[in-house]
Protein chains: 2
Amino acid sequence: MRDSSPQGTYKVQALDRAFAVLDLLGESDTPLGLAQVASSLQLHKSTAHRFLMVLERHRMVERTSNGKFRLGLRLFDYGNRAIEQYDLRDRAQPHLRRLVAETEETAHLALLEAARVIYIDKIEPARSVRMITRIGASNPVHCTSVGKAILAFLPEDRATDVVRRLRFERFTHRTISTPEALRAEMEKTRRRGYAVDDEEFEEGLRCIAVPLLDAQRQPVAAVSISGPSFRVTAQKLPSIANHLLQCVRGISMDMGYISAGRGNRASWSA
Amino acid sequence: MRDSSPQGTYKVQALDRAFAVLDLLGESDTPLGLAQVASSLQLHKSTAHRFLMVLERHRMVERTSNGKFRLGLRLFDYGNRAIEQYDLRDRAQPHLRRLVAETEETAHLALLEAARVIYIDKIEPARSVRMITRIGASNPVHCTSVGKAILAFLPEDRATDVVRRLRFERFTHRTISTPEALRAEMEKTRRRGYAVDDEEFEEGLRCIAVPLLDAQRQPVAAVSISGPSFRVTAQKLPSIANHLLQCVRGISMDMGYISAGRGNRASWSA
DNA sequence: GACGCTGGTTTCATATTTTGAGAAGCTGGA
DNA sequence: TCCAGCTTCTCAAAATATGAAACCAGCGTC
């Protein structure tokens, strides 16, 4: 039982098990049979069976024609409701579209979730090559522009907390791999007002992001522009950053975080 | 205990309760406090509390700053994984975009889920008024074009099964409200190859849909075009239907359901 | 400033609920 | 036809979740 959260003292075995089943099915890219589920999770056949039947009744899982199990569409429904309650995505979308039109590169909208960033929207320019990111997916904080953008503007205690939980996995030879290096990068980010991922996550891919600050000046999300390094050149960064800042400013106003007059940059000189 | 499914005999109380909590939070458009959850669900405070804590640990729910609960982002992740396993949406999207460009009206992609249709994608033309449909939401079968399109091409036994489960709720004075009328409509749909919802769900809204058939010629989804009746006129229907048929044909090919030569219409004369 | 109220957190003995061994059914391949 | 692997079902045992009650904390009222 490592990884016990502060209030990890509450337990409902059945729920832990049920979610383990969902996790397993979610990880697997092919439907699994009862036996596979049972053995992977070290549950007894009959227990796994009962869980799967109940989950199926709730449509959290469903069976393929050959009797194997995969995640059910009910989860899709829940997921959309969950995201809707933030209503950030809907409000942000028009602004993101404009941003994509201006820059002609792919835009992402991401939130910080625990110690990872989760993408809640992606807009691609018409003529672009498909990016591999998946809406709903999560990526590490330390090697993504959105991650760094949010992290840099987090209050000290929360930031330390997040940094402590990072595993600093390496993806390219440029990936930041120590807390110290990340700290320095955060400082840099604060100074210039935007975060950059310079092929730190994927070779040949450069991204730039700015945080979206709420009414309390807390970063709640980040907007980024990503593209191949030969198009998103170092020289272009300041100009793209400007578009980004305008974009988040628009979103902030739509969300009621700021009134028309105030800017979005203020906080990082506080 | 009405509504017991065929195999409703399996029970895990904890799961039923947990999902009831998620349902409740999903329905509510504002975060709920512990007390509200407990009383709505007739759970005792301590039980509700324990559940919420466990759900929070799994990030299925999260707390707002004032301590109230709402659905968590983990569900968004699950939902996207669930939908991805079908990978229909991703493949269909470019085709839907083309369809929207051609028709300049809103396109939907929907699946049949139990006895309802669930929308898995929506594309709106740039200049259109926002439609109220929400991705992930579900609607009744009997009064939507997508519902009727799928239903009409279902094998007899499955169709009867679905029809039996419909409640024929009325939305406008044109809503089909008897099984017999629906049967007739299905017949008509099969003959002309596309389904129409002529203000049967919402006053002033006309929709037209065609089914997407898989390799076994089973309908797995439907694509629709919706718009205000004054734009989507009766005269335009055949032309729109043509665009729709071309669209699903493209999707079918992308999904590997049909090879380039074969059409999509064949089945309904079999 | 004390009081009572509403809402959240914690504890713990009890019994209800889940558990899992095992047996019985299927299905498909040899 | 028989076996092997996977799924479905049953039921007594016990581990698990339950909820009454106590405890806290904040807030509006008197």
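Chain letters run A, B, ... following the sequence lines, proteins first, then strands; residues in each count from 1.
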So which heavy atom on B/Val210 is nearest to which on B/Val248, and how close? CG2-CG1, 3.5 Å
Quick one: side chains of residues 20-31 of chain A, donor-acceptor pairs under 3.5 Å with protein atoms, not counting sequence neighbours, listed by atom name and distance.
residue: A/Asp23; atom: OD1; partner: B/Arg74; partner atom: NH2; Å: 2.7
residue: A/Asp23; atom: OD1; partner: B/Tyr78; partner atom: OH; Å: 2.6
residue: A/Ser28; atom: OG; partner: A/Thr30; partner atom: N; Å: 3.0
residue: A/Ser28; atom: OG; partner: A/Thr30; partner atom: O; Å: 2.3

Considering only nitrogen or oxygen atoms on both sides, find all protein atoms under 3.5 Å from nucleotides 15-18 of chain D and state each distance.
residue: D/dT16; atom: OP1; partner: A/Gln13; partner atom: NE2; Å: 3.3
residue: D/dA17; atom: OP1; partner: A/Gln13; partner atom: N; Å: 2.2
residue: D/dT18; atom: OP1; partner: B/Gln13; partner atom: OE1; Å: 3.1
residue: D/dT18; atom: OP1; partner: B/Arg17; partner atom: NH1; Å: 2.7
residue: D/dT18; atom: OP2; partner: B/Arg50; partner atom: NH1; Å: 2.9

Can you name the nearest heavy-atom pair linking B/Phe168 to B/Ile176, along with the distance? CD2-O, 3.7 Å
Using five base pairs at each end to define the local axes, how bent is the helix from C/dG1-D/dC30 to C/dA30-D/dT1, to the nearest 10°? 30°
Point-to-point distance, once rounded to the nearest 0.5 Å, from CZ of A/Arg89 to CG of A/Leu96: 11.0 Å
Backbone N or O of B/Asp16 within a donor-acceptor pair of the A/Arg57 side chain at under 3.5 Å? no
Worked check of salt bridge (charged side-chain N to carboxylate O under 4.0 Å, His left out) between B/Glu156 and B/Arg183: CA-CA 11 Å; B/Glu156 188 48 37; B/Arg183 285 286 180 186; 3.3 Å; yes
Taking only nitrogen or oxygen atoms into account, show me every contact under 3.5 Å that the protein makes with nucleotides 7-14 of chain D, one pair per line with its distance.
residue: D/dT7; atom: OP1; partner: A/Leu34; partner atom: N; Å: 3.1
residue: D/dT7; atom: OP2; partner: A/Leu34; partner atom: N; Å: 3.2
residue: D/dT7; atom: OP2; partner: A/Ala35; partner atom: N; Å: 2.5
residue: D/dT7; atom: O4; partner: A/Lys45; partner atom: NZ; Å: 3.0
residue: D/dT8; atom: OP1; partner: A/Arg63; partner atom: NH1; Å: 3.1
residue: D/dT8; atom: OP2; partner: A/His49; partner atom: NE2; Å: 3.0
residue: D/dT8; atom: O5'; partner: A/His49; partner atom: NE2; Å: 3.4
residue: D/dC9; atom: OP2; partner: B/Tyr10; partner atom: OH; Å: 2.4

What protein N or O atoms touch nucleotides 28-30 of chain C N or O atoms at under 3.5 angstrom, if any, and at what distances?
none

For A/Glu180, all residues meeting side-chain hydrogen bond (donor to acceptor under 3.5 Å, both in side chains), sequence neighbours excluded: none
Between A/Ala92 and A/Leu109, which heavy-atom pair has the shortest distance, and what is it? CB-CD2, 3.7 Å
d(A/Phe69 CZ, A/Leu55 CG) to nearest 0.5 Å is 9.0 Å
If every non-hydrogen atom of A/Val141 is compared with every non-hydrogen atom of A/Arg116, which pair is closest and at what distance? CG2-CA, 3.9 Å
Between B/Ala48 and B/Leu34 the two heavy atoms that sit nearest each other are CB-CD1, 3.7 Å
Could you report the tightest heavy-atom contact between B/Pro140 and B/Val117, atom names first, then the distance? O-CG2, 3.9 Å
